[in-house]
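The structure appears below as structure tokens.
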Amino acid sequence: MKRFYIFDLDGTLCGSMRFWRREADGVDFYDREAVEVVYDSMRGHYRDRISLKDGVLEFLRRARAAGIKMCVASATRRDVSEPLLAKTGLLDFMEFYVDCHELGVFKEYPDIYLEAAKRLCAEIDDCAVFEDAEYCAETAHKAGFFTVGVYDEVADEEGDTRGVCDLFIESWRDAELI
């Protein structure tokens with residue numbers, strides 16, 4: 001059994017990707033003011049509309065009971081997702097939350113996964129990375145992590161993680177500890 005779990009947030013633990021797609025459509029990400037408008041809108045969605053995927057809390061409870069150390073490694077800035085984190089108690093299960101903005105590099109590079117493993121005091125072989133997006137799962141897999149693809153309707157339209165992951169789960173309700 002893996003002793004450390006590294007979770008993506010959007011599309012993996014929560015169903016937020018359709019909100020991101022809608023809010024960010026056509027936004028110039030070099031326009032700081034436009035980006036902040038998207039972030040403000042997303043904070044509202046995290047607070048009022050976005051929830052954890054069905055079965056996530058039960059899975060996290062089982063993992064914690066098994067002594068697995070966990071963290072969130074997200075592309076989303078923590079201050080943006082904070083309303084969801086607060087209302088669900090998600091961080092009660094996690095050692096920490098690290099995001100790509102903090103590191104200054106996105107998931108096309110393995111930095112966030114390597115940093116998460118480092119902060120967990122874990123070897124790559126002892127970690128499982130859970131991702132919904134194909135390119136993110138592929139990045140983690142190429143860096144040597146055991147990867148678990150998590151089905152997400154929006155991410156699945158852009159690429160299938162089944163081909164780049166060691167394991168694939170359709171639903172958190174059916175997920176087993178690995």
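Being a predicted model, the structure only gives us computed values, none of them experimental.
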Linking I/L/V/M/F/W/Y whenever any side-chain heavy atoms sit under 4.5 Å apart, do [X] and [Y] land together?
{"X": "L60", "Y": "V129", "answer": "no"}
{"X": "M94", "Y": "L177", "answer": "yes"}
{"X": "M17", "Y": "Y135", "answer": "no"}
{"X": "W20", "Y": "V37", "answer": "no"}
{"X": "I169", "Y": "I6", "answer": "no"}

Begin from the C-alpha positions of V80 and D40 and carry the test side chain to side chain contact (heavy atoms under 4.5 Å, CB included) through to its verdict.
CA-CA 7 Å; V80 175; D40 287 342; over 6 Å; no
Side chains of [X] and [Y]: closer than 4.5 Å at any heavy-atom pair?
{"X": "S171", "Y": "D54", "result": "no"}
{"X": "V98", "Y": "L103", "result": "yes"}
{"X": "E134", "Y": "E158", "result": "no"}
{"X": "V148", "Y": "E131", "result": "no"}
{"X": "I112", "Y": "E102", "result": "no"}
{"X": "K2", "Y": "I68", "result": "no"}
{"X": "Y46", "Y": "L85", "result": "no"}
{"X": "F130", "Y": "I178", "result": "yes"}

Take a 6.0 Å sphere around [atom1] of [X] and say whether it holds more than 12 heavy atoms from other residues, nucleotides or ligands.
{"X": "E33", "atom1": "CD", "result": "no"}
{"X": "Y109", "atom1": "OH", "result": "no"}
{"X": "R77", "atom1": "CZ", "result": "yes"}

State whether the side chain of [X] and the backbone N or O of [Y] hold a donor-acceptor pair below 3.5 Å, judged by distance alone.
{"X": "R61", "Y": "V56", "result": "no"}
{"X": "T139", "Y": "K107", "result": "yes"}
{"X": "K142", "Y": "A137", "result": "no"}

Passing candidate, side chain to side chain contact (heavy atoms under 4.5 Å, CB included) with S41, options R22, E23, E36
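Result: among R22, E23, E36, E23 is the only option passing the side chain to side chain contact (heavy atoms under 4.5 Å, CB included) with S41.
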Exactly one of I50, D10, L84, T76 should register a side chain to side chain contact (heavy atoms under 4.5 Å, CB included) with M42. Which one does?
I50
For [X] and [Y], which heavy atoms make the closest approach, and how far apart are they?
{"X": "C121", "Y": "F4", "result": "O-CZ, 4.3 Å"}
{"X": "A24", "Y": "F29", "result": "CB-CZ, 3.7 Å"}
{"X": "P110", "Y": "A143", "result": "CB-CB, 3.7 Å"}
{"X": "T161", "Y": "A133", "result": "CG2-C, 3.6 Å"}
{"X": "L9", "Y": "L90", "result": "CD1-CD2, 3.8 Å"}

Begin from the C-alpha positions of R3 and D126 and carry the test salt bridge (charged side-chain N to carboxylate O under 4.0 Å, His left out) through to its verdict.
CA-CA 6 Å; R3 297 179 15 213; D126 291 330; 3.8 Å; yes
Thinking salt bridges, do R162 and E170 make one under a 4.0 Å N-O criterion?
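A salt bridge links R162 with E170.
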Please determine if R173 and E58 form a salt bridge, counting it only when a charged side-chain N lies under 4.0 Å from a carboxylate O.
yes
Once you round to the nearest 0.5 Å, how far does CG of L120 lie from CD of E115?
10.0 Å
From the options D132, T12, D152, select the one residue that forms a side chain to side chain donor-acceptor pair (under 3.5 Å) with K53.
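Considering D132, T12, D152, a side chain to side chain donor-acceptor pair (under 3.5 Å) with K53 is found only for D152.
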Exactly one candidate in R49, R47, R43 meets side chain to side chain donor-acceptor pair (under 3.5 Å) with H45; the answer is R49
Regarding E82 and Y97, is there a side-chain donor-to-acceptor distance under 3.5 Å anywhere?
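Per modelled atom types, E82 and Y97 side chains form no pair under 3.5 Å.
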Angle class for the F59/Y5 ring planes (parallel below 30°, perpendicular above 60°, tilted otherwise)?
parallel
Compute the ring centroids of W172 and Y151, then answer whether they are less than 6.0 Å apart.
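That pair fails the under 6.0 Å test.
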Does the ring center of F106 lie less than 6.0 Å from the ring center of H101?
yes
